[in-house]
Each structure stands twice: as structure tokens, then as C-alpha cells.
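Convention: sequence-line order gives letters A, B, ...; per-chain numbering from 1.
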Number of protein chains: 2
Amino acid sequence: MEHRDSCIIRHFSHYLALSERDKVLLNELERTPIEVEAGDLLWEEMANAEEFCSLRSGWAYSFRYLENGTRQILEVFLPGDIIGLREFAFSQRLAGVRMIEDGVICRFPHAAILRLFRQSSTLTTVMFAISSRQQALMTERLVNIARRSARQKLAHFLLEMHQRLRQTEPEGDCHLRLPMSQEVLADLLGLSPVHVSRTFTALDEDRLVHRDGHRLTIPDLQALARHGQFDDCYLIDNLRSLVVSES
Amino acid sequence: MEHRDSCIIRHFSHYLALSERDKVLLNELERTPIEVEAGDLLWEEMANAEEFCSLRSGWAYSFRYLENGTRQILEVFLPGDIIGLREFAFSQRLAGVRMIEDGVICRFPHAAILRLFRQSSTLTTVMFAISSRQQALMTERLVNIARRSARQKLAHFLLEMHQRLRQTEPEGDCHLRLPMSQEVLADLLGLSPVHVSRTFTALDEDRLVHRDGHRLTIPDLQALARHGQFDDCYLIDNLRSLVVSES
DNA sequence: GAATCGACATAACCTGGGTTATGCGGAGCA
DNA sequence: TGCTCCGCATAACCCAGGTTATGTCGATTC
């Protein structure tokens, strides 16, 4: 059985060492990879919620439409992420999910997680950790949206993405691929597209970020972090100390 | 062993039927009740995160201070809630927690949950459901803060509290005890205290809510719900259908 | 190479809610 | 019975960011 390439195993292994049996169990979740295209809807708001989804490649985001037509984007998913944890206790989707780019996903039913709970306490623990991390990301976004200026919001978000990407692929430090339109950015940060554009130009004038299409440059990470009150502690999760200390 | 009165058992039973053994396990989490007073800090931001907390009585809230001195309140906890799930995967607190009123709490170490994972898959499932519900609440707060007007924010929040309180104690339909100052409300909704006051007067003039100290009246729930774009679907969790369908 | 379209920039104008200040009434306290 | 403090109301002023509109630059299509 070849699972050296499985994204979900790499993701889980980040938290705890997995036994061979754990890996087999995880692989069962990813038995049916599906190719999807940019713009594809993985599911709609209010649809029946009966499965999770693991993201093998490509980016995606979850969103909610309000009655007045505005859209709020809740989270951005990167390869390795698990989508749909929020609805575990619900029978309806609370948010839709859409692909940003082409990618590959694997759907598996809610019940598969219940089976996991019975079969492996290690995987259970990691699953809980992943859910807890997603909650931490949302918390930070909440604070960002509620209390910071447009410049700070944008700066903070860009640094968050930079840091998240670096955790999986430590690439060239100050460059960053950001395959999303300013409209998506606006819906993510609670701003108007126009103001996102204004803010980019302002940050550019101050030499804090430079944007060229989907290519982003951050000449001075420290400076931008100061600007956006960015502190990465909410991204640094660490289960091992907990589990080890339990002996 | 007398645990008919235990708040946590009532809370868990809302999701799934518990065996006697499950109840014993849960009771072990609540072995050391501690009395706390209004204003007491359960823990500070950045403190070491090594325990959860179950709230037996009294209200509490979690918060974050920003560098510019503003505070964002993230969630309001009611009796029966479990506090600190967000930090399961972290070694530091991402938010502080403070009591709104006098109350009773029970602290238990993170490792106790790991033990739970190994001992009862029912309790594991419920724990996951509780975490997922808290995430749903935060998601809705995020949307509320990011995309609605001050009137809508306030209306929406009041209805959320009304609904949450009614789920445990179906009291007089249009009355509501809300033991929090306008400053707390402001920090919760991302507004200034002054504007919360203005908004209350405005809603009062429109006969949508009436406030008298900590006593709140909502003469027409439907009307207020329309006003605040309030849809309670994010509060209606339901595990039973999932677990039953698994056979 | 003309037409269309989508992503972005820029400008002019407007408003919801922040800020600062003042006043008031009730609670605790000397 | 006066003092102080806290929570709240109200008013005047101001600004960050929303709104609307117009223009530009590529990419795509015929």
C-alpha cells in the first residue's frame, strides 16, 4: 500500500506520530479522489450535511450570503485541510464551499468519523486538534474584522497566508502566490472591493507589499507584521507536548 | 452516586443518550467545583493552557485585548458550557476568560479529555459536537460583525441570547435577563459603548426592544428577527439523526 | 482588428458609526 | 447629606470606508 504521497497523512503526522494502522484508516477516507475546477461549488448553504471533504490540491473557501446580497467569506482552505467540520453536529450546511482553483478533493461520510472515534484515539485526538486550529483561525479573523483598520486587516491577512503556506512549503521567503481576486479579498475582510484596491496602493506606496497579478512580494516581513499587529501564536499549534506529558 | 443535578450531564444528554458508565466518567470531570465571583479571571491571554473548564452556574465571556487597548469579546458562555476547547491544540491561551456574574466552575486537565477519547466514543462524539456548535456560534458572530448595521448586530445578538436561554429554560417568552453592561455589549459587537446606547434608544423608539436595567423585553420576536436577519438554524444542532443513521 | 469582458485603479461624494464631552440618577459609603 | 463612582443618555463633530461612476489594460472571441 502506497501512501507516502497522501496529503491527509502528512497533515495528521504534523500533530502526532501515526501507527501503520492509523495510516490505513486514514487512507480509507481518501479512497475516491475527485477532480474539481476553479469556481466549482463543493456544496451549497442549507444543503444536507452528510459528508466531510479533504482537500488534496487547490485552494477553496467557505462563504455565507446575507439577505442584502453581500457575501462573507469565512475561511480559506489549503491543500491538506479538512472541510466541513463545522457542520458535524448539524444536519444542514451553515456555509457553502467553493474552489478557488482547480484541485482534487475526497468526500467521506460523517459516519466515517464516528468509526474513526471508535478505532483510533490517536486519530481522534488529531481530528480534535485540527478542529481546534480552525477555530483559532476563525477567532483571529473575527478580531481582525471587528477591530482593525483596512490597512491592518489586509496586512494581517497577507501575513497569515504567508505563514500558513510556509508551514507546508518553506519557499522563497518574501514571495507569495495569492490566487484570489480583490473581490474575494474584500468579502473575506469585510471591506468593499474598491477599498481593497485603495489599500493595496497605499501599502505599495509605503513599500510594505507589492502586488503583480497573483504574485505578491513582502519586502519586509517584520515591518508589515508591526503594521498589521500580526502575532503568529495562533498558528503555532502543538499537540505533542500535551500527549507526551500524559505519559 | 447522585448526579441528577449535574449540569454537564444534562448538556451532554441533549446530544446523545448516555450510559451509566458515561455518566460516571463525566462526573469525574466535575469533581472539584470552585466558587467564583463576578469579574474573576478564569485565565489570562498567553497563560499556559493545560485545562478546560466547565461552567456550572453564572455567565462568562472570552476576550482578547489588542495593542491599541481595545477589547474584543469572542463568546458568551452560559451554564453547562465547556470553556477552553479552542486551545486544545495549543500550549498557550489565545484568549482570556472572565466571569460576568458569580458562579461555580470545575477545572479539569487537557489530559482528561484524552482519557475520555479512549474510554467512550459516545462522549467523544458529543465533545466534538459541542466544539462544532461553538464554532457555529462564532461563525455567526463573525458574519454579524462583518456585514450588518449596528441595529442589526444588536437585534441579532439579543435574539441569539434569547434563543440560547430558551433552549435550557423555556421561560416567559418575551422577557429576558441580560446581566451585561453596554460596554460589554459594545466589545462583543465591535461597536463603541456610545453607539450601543444610541442603538438601544433607536430600537426602543421603534418598539422592537425595551430595556430596563438588566431586564429586557422583546414585544415582537418575529419583527425583531426580520430586523436583525436572524435565522436560528445555526443554533439547532442535532446529532441523533447522524448516529442513528449509522446503525 | 473590432468587440466584449473581467480585473483593477482612481476620483468625488456621502454616511454610519467613532470620538469627545457633558449631564444625570442611583448605589455605596463616610 | 454630601461625595464619589458607575452605568447610561444625548449632542456636536469628524473620518474611515462605502458607493457610484468612469477609465484603462489585457485576454478572448469572431
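In the set dT10(C), dG18(C), dT20(C), the nucleotide with an atom closest to the side chain of Val194(B) is dT20(C). Of all nucleotides listed (dA9(D), dT19(C), dA9(C)), dT19(C) comes nearest to the side chain of Ser192(B). Checking dG17(D), dC8(C), dA11(D) against the side-chain heavy atoms of Arg211(A) singles out dC8(C) as nearest. Across dG17(C), dA9(C), dC8(D), the shortest atom-to-atom separation from the side chain of Gln182(A) is found for dA9(C).
By the 6.0 Å contact criterion, CD on Glu101(A) is enclosed, its count of non-hydrogen atoms from other residues, nucleotides or ligands being greater than 12. Heavy-atom contacts from other residues, nucleotides or ligands closer than 6.0 Å to CD of Gln92(A) number more than 12. Under a cut-off of 6.0 angstrom, the local environment of CD in Gln167(A) is crowded, with over 12 non-hydrogen atoms contributed by other residues, nucleotides or ligands.
Per the geometry, CG belonging to Asp212(B) stands 12 Å off P belonging to dG26(C), to the nearest Å. The distance between atom NE2 of His195(B) and atom P of dA16(D), rounded to the nearest whole Å, is 17 Å. Per the geometry, CD belonging to Glu183(A) stands 16 Å off C1' belonging to dA9(C), to the nearest Å. In this structure, the NE2 atom of His214(B) is 11 Å from the C1' atom of dC6(D), given to the nearest Å. In this structure, the CG atom of Leu203(B) is 15 Å from the P atom of dG16(C), given to the nearest Å. Spacing between atom CG of Leu154(B) and atom C1' of dA9(D) amounts to 15 Å, rounded to whole angstrom units.
A side-chain donor-acceptor contact under 3.5 Å links Asp81(B) to the backbone of Leu78(B).
Between Ser197(B) and the phosphate of dT10(D), there is no side-chain N or O to OP1/OP2 separation shorter than 4.0 Å.
Not a single donor-acceptor contact under 3.5 angstrom links the side-chain atoms of Arg198(B) to the base of dG16(C). Within 3.5 Å, no donor on the side chain of Arg151(A) pairs with an acceptor on the base of dG17(D), nor the reverse.
A heavy-atom distance below 4.5 Å is found between the side chains of Arg86(A) and Ser62(A).
Exactly one residue among Glu160(A), Arg141(A), Gln163(A), Gln135(A) makes a side-chain hydrogen bond (donor to acceptor under 3.5 Å, both in side chains) with Tyr234(A). That residue is Glu160(A).
Thr201(A) comes within 4.0 angstrom of sugar-phosphate atoms only, judged by non-hydrogen atoms across all strands, and of no base. Counting any heavy atom pair closer than 4.0 Å across all strands shown, Gly190(B) reaches sugar-phosphate atoms only and no base atom.
Checked for salt-bridge contact, Glu140(A) and Arg148(A) meet the test: a charged N lies under 4.0 Å from a carboxylate O.
Looking at residues 59-76 of chain B, you'll see that no heavy atom sits under 4.0 Å from any atom of DNA chain D.
Between Phe88(A) and Phe52(A), the ring planes lie parallel to each other; the angle is under 30°, not in the 30° to 60° tilted range.
Comparing the axis of the opening five pairs of the helix from dG1(C)-dC30(D) to dA30(C)-dT1(D) with that of the closing five pairs yields an angle of 30°, rounded to 10°.
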Worked check of side-chain contact (heavy atoms from CB on, under 4.5 Å) between Leu55(B) and Met99(B): CA-CA 10 Å; Leu55(B) 194 54; Met99(B) 294 300 298; 4.0 Å; yes

